[in-house]
Amino acid sequence: MSRIIVIGAGIGGLSAALTLAARGEAVTVLERAAAPGGKMRRLIVDGRAIDGGPTVLTMRWVFDGLFAEAGESLDAQLTLEPLRILARHAWSASERLDLHADLAASADAIGAFAGAEEARRFLSFSAEARRIYETLEKPFIRAQRPNPLTLAMANGLAGMVAMARINPFETMWKGLGRHFRDPRLRQLFGRYATYCGSSPFLAPATLMLVAHVEQAGVWTVRGGMHELALALEALARRKGVEFRYGAEAAAIETGGGRVTAVQCRGERLACDAVIVNADANAVATGLLGADARPAARPVTSGARSLSAITWAAAVETSGFDLSRHNVFFSRDYAQEFRELAAGYPSEPTVYICAQDREGHTGGAERLLLLVNSPATGDAGARGHQMVEQAMRRKLADCGLALCWEPEKVMMTDPARFGQLFPATGGALYGRASHGWMASFQRPAARTAVPGLFLAGGSAHPGPGVPMAAISGRLAAESLLASRVSQR
């Protein structure tokens, strides 16, 4: 049996390794960090574990399928709890709106917030978001990366009609303008573009599908999101996968027209295939050796997705009743994104995940605070204190007070993200989804280098926890299919 090496134990790499092991393959995972998860990391602040990466779990069917294929049940390994309130939103001390898991409850809340007509428009928007998702799920999200023509022809004439109906050439902001008159609602749903590190003013309207994904269910993971990575790793180990931590791959070797080995810590690990679960730009810029460079095209700094500045903190709060997920919006979204194109916004939108809210009884609580940032971590960008002050002003304007103690706060900026995820400049989502062609510019699982495959948020189908997991499965399936075609 030949060995397959997976570089990177992020969600894409874990998904690929587990899929291959469940089908009887011998797999070794090399991870430069000390633990699995990649961006799904756990930070220790004031002696307490805080999720420092993804905080939202959607599309749980992806993980149900992963565990089931390996002969296990997701529910037997993890406790997932559905959220009743998807997120709490604020624009000022008096403007607040909750979105609910129940669509009718969200419509009622929007009606009370912005009027009955906007509630009706919300239901129309939700129907369109669902239609977009259902149109794209099988031929795009679940499939090896198509091109525009094969995607349009995936389901014959009916498929072409369906594609035309989802307005692929329209920007998200314009699409939202067809539905909502209240600018706050355009802002709320436009924020979904930032889930893939993009601007709603440049991203395609097809990203409105994120609204349907959340309405279909958002879950918390008991113990934190990092528990999902640990559960995937534990199951992969039981299936025979070998994990090596603190093991940074130095180069991928080829010979005879295909992958032959990976160099790691001066050791040559022979293999017949490699799945790289790292940003594709690390491959394209030669960080994994000259032999691997043709596998991906470089992403210019101008095409990068957004980065972020985050604060993992243990703090006491008052004045605003936080939910699990909270968004505090800037007053001028267009101005915020104009400023993000060149630097830090003077008034940022702030996201807070309050990780103790379900059972919070007072005292210090675990928060992850996030503001968007340009991916300039390799350009020596500064001004983080100014951003922190602007972030805290925004929260105060909305009525939230924080008992901020610097020794109980861990800040991560684009430069640090760039160190954690090389060749990105801190970009957290690969290439920005700007323009209707952006989704087709992400690399596919199979590359121009035989035996070398790509997975992770920078590859098809895109960023986000379930999408990264799907990318891992697509990489594994592409690898196995390539073996069949060689026989």
Side-chain angles (χ1 to χ4, degrees), residues 1-22 25-44 52-53 226-255 258-293 295-296 416-424 445 447 449 451-459 468-469 471-472 475-476 479:
M1 193 186 314
S2 300
R3 173 161 53 178
I4 299 168
I5 291 179
V6 175
I7 298 175
I11 293 301
L14 292 169
S15 172
L18 180 56
T19 299
L20 290 167
E25 299 292 334
V27 183
T28 297
V29 178
L30 306 178
E31 171 55 57
R32 66 200 294 260
K39 295 183 180 73
M40 191 179 283
R41 59 198 187 122
R42 174 177 282 166
L43 303 175
I44 305 300
H226 188 68
E227 290 295 318
L228 175 59
L230 294 177
L232 287 168
E233 188 230 39
L235 180 53
R237 283 187 186 275
R238 293 197 294 274
K239 291 296 175 181
V241 176
E242 176 191 8
F243 286 85
R244 299 190 185 187
Y245 291 103
E248 183 169 5
I252 297 169
E253 294 183 9
T254 62
R258 63 173 300 106
V259 165
T260 56
V262 174
Q263 292 282 351
C264 181
R265 294 184 187 167
E267 181 183 2
R268 184 178 185 276
L269 304 174
C271 61
D272 71 341
V274 173
I275 294 177
V276 178
N277 175 215
D279 195 283
N281 209 40
V283 176
T285 55
L287 293 188
L288 289 171
D291 289 0
R293 289 186 74 158
R416 178 57 180 151
F417 281 124
Q419 293 168 355
L420 291 169
F421 312 110
T424 65
T447 74
V449 178
L452 178 55
F453 303 85
L454 300 177
S458 65
S471 80
L479 188 160

- Query: Cys271 versus Val259: any side-chain heavy-atom pair under 4.5 Å?
  - Reply: yes
- Item | Candidate pair Val276 and Thr447, rule side-chain contact (heavy atoms from CB on, under 4.5 Å), full reasoning | CA-CA 11 Å; Val276 178; Thr447 74; over 6 Å; no
- Donor-acceptor contact present, side-chain Ser15 to main-chain Ile11, <3.5 Å: no
- Query: With a 4.5 Å limit on heavy-atom distance, are the side chains of Arg41 and Leu420 in contact?
  - Reply: yes
- Note on the structure: Heavy-atom nearest pair, Ser458 first then Ala280, reads OG-N, 2.9 Å
- Look up atom CZ in Arg244 and atom CD1 in Ile5, then write down how far apart they are to the nearest 0.5 Å. 7.5 Å
- Message: Let me confirm one number: the CZ-SG distance from Arg32 to Cys264, rounded to the nearest 0.5 Å.
- Response: 11.5 Å
- Query: If every non-hydrogen atom of Val29 is compared with every non-hydrogen atom of Ala17, which pair is closest and at what distance?
  - Reply: CG2-CB, 3.8 Å
- Query: Can you check whether Arg42 reaches Leu230 side chain to side chain, under 4.5 Å on heavy atoms?
  - Reply: yes
- Task: Taking all non-hydrogen atoms of both residues into account, name the closest pair between Ala468 and Gly457 and its distance.
- Result: CB-N, 4.4 Å
- Query: When rounded to the nearest 0.5 angstrom, what is the spacing between CZ in Phe243 and CD in Glu31?
  - Reply: 9.5 Å
- Value rounded to 0.5 Å, distance of CG in Leu235 from CG in Leu18: 4.5 Å
- Item | Any Leu14 side-chain heavy atom under 4.5 Å of Pro36 side chain | yes
- List the atom of Ala247, the atom of Arg265, and the distance in Å for their closest heavy-atom pair. N-NH2, 3.6 Å
- Any salt bridge (charged side-chain N to carboxylate O under 4.0 Å, His left out) involving residues 12-22? Give me the pairs, sequence neighbours left out, ordered by first then second residue. none
- Query: About how many Å separate CZ of Arg293 and CD1 of Ile252, when rounded to the nearest 0.5 Å?
  - Reply: 13.0 Å
- Message: So, taking the atom named CG in Leu479 and the one named CG in Leu452, what distance separates them when rounded to the nearest 0.5 Å?
- Response: 10.0 Å
- Query: What's the shortest heavy-atom distance between Thr424 and Gly418, and which atoms?
  - Reply: OG1-CA, 3.9 Å
- Could you walk me through whether Arg3 and Glu242 pass the side-chain contact (heavy atoms from CB on, under 4.5 Å) test, one step at a time? CA-CA 11 Å; Arg3 173 161 53 178; Glu242 176 191 8; 4.2 Å; yes
- Query: Closest approach of Pro422 and Ala282, non-hydrogen atoms and distance?
  - Reply: O-CB, 3.9 Å
- Item | Exam field: side chain Ser471 to backbone Gly12, donor-acceptor pair closer than 3.5 Å | no
- Message: Contact between Leu43 and His226 at the side-chain level, heavy atoms closer than 4.5 Å - yes or no?
- Response: no
- Are Ile7 and Ile275 close enough that some pair of their side-chain heavy atoms sits under 4.5 Å apart? no
- Task: Given side-chain contact (heavy atoms from CB on, under 4.5 Å), test Asp291 with Val449 step by step and report yes or no.
- Result: CA-CA 8 Å; Asp291 289 0; Val449 178; over 6 Å; no
